[in-house]
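Below is one structure, written out as structure tokens, with a few remarks after it.
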Amino acid sequence: MLGSCHDVTCLHQSSLWKRMHSQQQHLLFDRGQYLLGDSGYTSGERLVAAFRNAGGDKDKTDFNTCIAHVRIANEHCIGILKSRWHSLKEVRTQLKNHAENQYLVRWVRCCILLHNFLNRQRDDWTEADGLIEVEVESEVQIPALPTPPLDERAMIAHGRRRRLEVQSECLAYMRNVNGH
């Protein structure tokens, strides 16, 4: 994906999207896990989107607010990554070709992996501290399970049902926390 385009277009053209809709999706998600998206996305089995038009419906509005809080927490995570990895603050480049795109993706992945590794070690190291030596364990490969393909209408209907399930869980949690 080169240049600028809408988030949905980037997702649909990504390897993540392809894996989400393949026999490999179990490698990305445990049972009951999903991505949250804003109202520009369409809900599916593994992506739950905000309602486009809450239309004064309190439950839809509350659900959209709940999703907005999670998205804000995600933005804070990005800020934490950028505070540890100053090189991520400087990524203001136009990607001119596939190789530049791949380089940038690998750079960001490395920063995330190292960040997670350091967090597990309870280490407050930052990029400015210099080099460190680490031992890396090999990962276990899990065989793929077959997933039957769904046609587009079935996927949309399933996504709407999934969003309603998540909405119910979210609203029940919010009411429990707020004592209502």
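We count residues from 1, following the sequence as given.
- By the neighbour-count criterion of 12 heavy atoms within 6.0 Å, atom CZ of R160 is sparsely surrounded, having that number or fewer from other residues, nucleotides or ligands.
- Shortest non-hydrogen contact noted between N53 and K60 is O-CD, 4.4 Å.
- Each of I80 and L114 belongs to its own hydrophobic cluster when Ile, Leu, Val, Met, Phe, Trp and Tyr are linked at side-chain heavy-atom distances under 4.5 angstrom.
- N64 contributes a side-chain N or O that, together with a main-chain N or O of F51, makes up a donor-acceptor pair within less than 3.5 Å.
- Hydrophobic cluster of L47: the remaining members, joined at side-chain heavy-atom separations below 4.5 Å, are V8, L11, L16, W17, M20, L28, F29, L35, Y41, listed by chain and number.
- Cluster annotation: L113 is not connected to W85 through the hydrophobic network of ILVMFWY side chains, with a link wherever side-chain heavy atoms come within less than 4.5 Å.
- Rounding to the nearest 0.5 angstrom, the gap separating the NE2 atom in H115 from the CZ atom in R84 is 5.5 Å.
- Without hydrogens or angle criteria, Q33 side chain to D30 main chain gives a donor-acceptor distance under 3.5 Å.
- Note on D59 versus R175: salt bridge recorded, some NZ/NE/NH1/NH2 to OD/OE distance being below 4.0 Å.
- Not a single donor-acceptor pair under 3.5 Å links the side chain of R162 to the backbone N or O of S43.
- Residue I72 is found outside any hydrophobic cluster, as its side-chain heavy atoms come under 4.5 Å of no other Ile, Leu, Val, Met, Phe, Trp or Tyr.
- Among all heavy-atom pairs drawn from A49 and D38, the shortest one is CB-O, 3.5 Å.
- The shortest distance between side-chain heavy atoms of H69 and N74 does not fall below 4.5 Å.
- Taking CD from Q13 and NZ from K18, the interatomic distance works out to 7.5 Å, rounded to the nearest 0.5 Å.
- By the criterion of side-chain heavy atoms lying less than 4.5 angstrom apart, applied directly or through intervening Ile, Leu, Val, Met, Phe, Trp or Tyr residues, Y34 is grouped together with V70 in one hydrophobic cluster.
- Residues L81 and C111 come closest through the heavy atom pair CD2-O, 4.3 Å.
- Between E100 and V105, every side-chain heavy-atom pair lies at or beyond the 4.5 Å cut-off.
- With rounding to the nearest 0.5 Å, the separation of CZ in R71 from NE2 in H76 is 12.5 Å.
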side-chain contact (heavy atoms from CB on, under 4.5 Å) between Q167 and D62: does it pass, once the steps are laid out? CA-CA 9 Å; Q167 177 190 15; D62 288 348; over 6 Å; no
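- The distance from atom CD of E165 to atom CD of E169, rounded to the nearest 0.5 Å, is 7.0 Å.
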